[in-house]
There are 4 protein chains.
Amino acid sequence: MTATKGPLVDANEHNLNGTDTSSDAREASATRPMRADAARNHEKILVAAEETFALEGVLVPIDAIAERAGVGIGTLYRHFPTKEALYEAIVMTRVTQLIDTARHFDHSADPGQALFEFLREFARQAAEKRDLFEALNQAGIDVKSQFSDLLGELMKAVDVLRERAVKRGAIKDDVSTTDILALISGSCNAAGHNGFDHDGLQRLIDIVIAGIREPAER
Amino acid sequence: MTATKGPLVDANEHNLNGTDTSSDAREASATRPMRADAARNHEKILVAAEETFALEGVLVPIDAIAERAGVGIGTLYRHFPTKEALYEAIVMTRVTQLIDTARHFDHSADPGQALFEFLREFARQAAEKRDLFEALNQAGIDVKSQFSDLLGELMKAVDVLRERAVKRGAIKDDVSTTDILALISGSCNAAGHNGFDHDGLQRLIDIVIAGIREPAER
Amino acid sequence: MTATKGPLVDANEHNLNGTDTSSDAREASATRPMRADAARNHEKILVAAEETFALEGVLVPIDAIAERAGVGIGTLYRHFPTKEALYEAIVMTRVTQLIDTARHFDHSADPGQALFEFLREFARQAAEKRDLFEALNQAGIDVKSQFSDLLGELMKAVDVLRERAVKRGAIKDDVSTTDILALISGSCNAAGHNGFDHDGLQRLIDIVIAGIREPAER
Amino acid sequence: MTATKGPLVDANEHNLNGTDTSSDAREASATRPMRADAARNHEKILVAAEETFALEGVLVPIDAIAERAGVGIGTLYRHFPTKEALYEAIVMTRVTQLIDTARHFDHSADPGQALFEFLREFARQAAEKRDLFEALNQAGIDVKSQFSDLLGELMKAVDVLRERAVKRGAIKDDVSTTDILALISGSCNAAGHNGFDHDGLQRLIDIVIAGIREPAER
DNA sequence: TATGAATGAGCATTCATTCAT
DNA sequence: TATGAATGAATGCTCATTCAT
């Protein structure tokens, strides 16, 4: 992974299926490798979409994305058959990263800290792309399909962290993973809307963490 | 509690400026008295808009609101010069109710409980009209203008509750009102998107409350 | 039927349902009578669509029709929810007229002449709007739905004529109504494409008539 | 009968100008000899276009043809500068076959039967490729240019048959070749649109034949 | 030369807002 | 004043054609 390693995603990793994102799987794909310029455009589009969605919301006309990417609309549509598809691609990338992050904390020595660190990292990532997570929560575009699979996976990954933390008595046992994720993403959202900076958001997260902590543990 | 009573909004409360909204204030207004039927339409529109926005989201075509209200589009536009204006009117009504609610707890004996009860009530109201608060958080429609004044007022009212709670040592002193409101509204939002029922939302709120509590106080 | 009696259709008769097209049913309709200007536009659109489709084919952009009608696109869409709907409306009007024509010959004294005259009249009508019938035959737009009902009715009406003609020995008994209609509409089509004038088309029709005549009867 | 044999078209016949299409003419052409693989592609495209047009109609995106042909779009465009050109090429092939067929009947002993058999064969060929002839009749694509020369040639070839039939008193003398072709192609068209099978179409053709026959001759 | 990626004009349709009745 | 018809800019998307690889 050299040349294509861009800000967010690289072209070949587009159809992530949640499994095996290992670095060299790419070459073995049945589809041919994608021409260099096409790959470049693919990424330009992804980057532009990310920025544009984040800046203007999901409702932004797709032309704006094409323009920002410096490609024609046709090109954009060649890479993503639908506005929704483009949107999904971005969100899925984001969620995939989150899953990776969660798994990264799996074997940490201190389960409590592992969970808390993960939540902070979650917020950090979401903050960078804040309005995207906002959009994620909206019905304007139907983000169900394959996406929910990925979301399920995220849930599972986080649940592992949560269970370990519960076992160690680090957090209350009556707080579900869904609750946690709802609070964190809600916080990210709110932070985004209210112009919170990074520290502000982390303050929110800390409150949430304090809220789920096992009182005894303090 | 006056805030939760009544159909949804009543016409009187529409052009609230934070002061007296007694029933006959309308007649005394500097602006023309507004004929009885006009007043009736005004209210019908408000009610319909509320329901429709809540049901269908902000993106719903304005015609749908007119239809639900049983008035022509022209009439709707006579009362609200803009879709945005109508939307603002509704949100402002809602916020006004919230301000009332906050003030209602002002003189409660137990400042800690007062704040917590207020937050729960906040969530309750927001849950009922969840999609509205969701929309509130969006950039799709610009809800700034006059609205921010009202929001400032809400902030002040809540801040009163917070300060009293801090003074009594009920909550941490490093949590700002903005933080609190962000967390609560973020929770409401998240709850709305994830299909949480009333109890689910209250569980979230309880976590937030636990998070802002002064540890010693438990 | 005074003011609205235009070239082709009048506004109120739009949603023909194949039954009772009697002249005064209109006033009794549940829907209100349609404002004068709206009715005028409705007809202008219908006329323009007719001309435009005939001139340019079904593929013509709908804007062209709106422009020719002298109305905004929005207006066109207010009257017909879909390009297809507009197209159907026109064709259905045409077919309805044909059905009327067929029924008109029902009780004619000479069944053979009745059928033949009807076929000539069919061709005459189709020739006036020739390219429409061409379009009618195309798959570009799906003209199935309610339309086929009407087509079935036309079939029935023509079949009455055909059966009477067969009984009198005026035409061969092994020629179906479908065959006849196919030949006539095929002729109209071909005439249209090849720049045949009215007489040219009638020459074609006469050949077809000769072809279905009972040899003995000559 | 050479016209109906072979896959569909063969590359040789493409740039027919009404003369010698013997197999090695290609090499002798004034234009560059065309490399073997290029010739192969040329034919693949023609075959694919024929099938695709017949299957999907003229509106089919040109990419579909390239795909079916197993070549890139660029290649397709190298061989045919325009969608229209490709379409014309196919129709011309078809018409050329028809001309061959007509000439084949030139010296038949019974001129009446010769004409009738030709018409039946015409219908047979058109039925096989029905959507093509349908398309032929449309204004969507302008099939005039060089094409009309070929059509003129067809006219002449059929006129020979007609004149001989007239001389023998087999058909009426007031029926023009244009009339005949219009009726036949109109019938093919109508048959195509109405789901007639081969027999159904032949029934139509027989009616037309009966219509142009000299009454006495029966 | 073959390929298929890039392009962008063009199309059907929606919806906030204005205006004639 | 109430009505709803008229308006047209804006949007997502397609597809013939061009051009870099």
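Sequence lines set the chain letters: A, B, ... in the order given, protein chains first and strands last, and positions in each chain run from 1.
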- Given E:dT13, E:dA2, E:dT3, the nucleotide with the shortest approach to the side chain of D:A38: E:dA2

- Message: To the closest 0.5 Å, what do you measure between CD1 (C:I62) and CG (C:L86)?
- Response: 6.0 Å

- Query: Can you tell me how far C1' of F:dC19 sits from CG of D:L76, to the nearest Å?
  - Reply: 16 Å

- For the side chain of C:N41, counting heavy atoms from C-beta on, which of F:dT11, F:dA6, F:dT17 is nearest? F:dA6

- Residue matched to F:dA20 through Watson-Crick or wobble contacts both under 3.5 angstrom: E:dT3

- Message: Using heavy-atom distances to pick each residue's nearest nucleotide on DNA chain E, tell me which of B:V60 and D:G72 is more 5'.
- Response: D:G72

- In whole Å, what is the span from the CG atom of D:D63 to the P atom of E:dT7? 16 Å

- Query: Could you state the CD-P distance from C:E67 to F:dA9, rounded to the nearest angstrom?
  - Reply: 13 Å

- Check for a donor-acceptor pair, side chain of A:T93 on one end and backbone N or O of A:A89 on the other, with a separation under 3.5 Å. yes

- Query: Atom NZ of C:K83 to atom P of E:dT14: distance rounded to whole Å?
  - Reply: 15 Å

- Query: Between B:H79 and F:dT1, is there a side-chain N or O to OP1/OP2 distance below 4.0 Å?
  - Reply: no

- Item | Interatomic distance, B:L59 CG vs F:dG12 C1' [rounded to whole Å] | 15 Å

- D:T75 side-chain N/O to D:V71 backbone N/O, donor-acceptor pair under 3.5 Å: no

- Note on the structure: Per nearest nucleotide of DNA chain E, the residue lying toward the 5' end, B:I62 or A:D37, is A:D37

- Item | Length of the CZ-P vector between B:F80 and E:dA16, whole Å | 16 Å

- Message: Pairing check on F:dC15: which nucleotide meets the Watson-Crick or G-U wobble criteria with it, both distances under 3.5 Å?
- Response: E:dG8

- Test item: D:K44 side-chain N/O and D:A39 main-chain N/O as donor-acceptor pair under 3.5 Å: no

- Task: Find which nucleotide of DNA chain F each of B:G70 and C:G70 is nearest to by heavy atoms, and output the residue with the more 5' nucleotide.
- Result: B:G70

- Message: How many whole angstroms separate atom CD of C:E84 from atom P of E:dC11?
- Response: 18 Å

- note: C:E56, atom CD; E:dG10, atom P; distance rounded to Å ~ 14 Å

- Query: Has the side chain of A:K83 got a donor or acceptor atom that lies under 3.5 Å from a matching backbone atom of A:V58?
  - Reply: yes

- Which nucleotide in the list F:dT18, E:dC15, F:dT14 gets nearest to the side chain of D:Y77? F:dT18

- Could you say whether B:T75 or D:I73 is positioned toward the 5' end of DNA chain F, judged by the nucleotide with the nearest heavy atom to each? B:T75

- Query: Considering only side-chain heavy atoms of D:R78, which listed nucleotide, E:dT13, E:dA2, F:dT17, is closest?
  - Reply: E:dA2

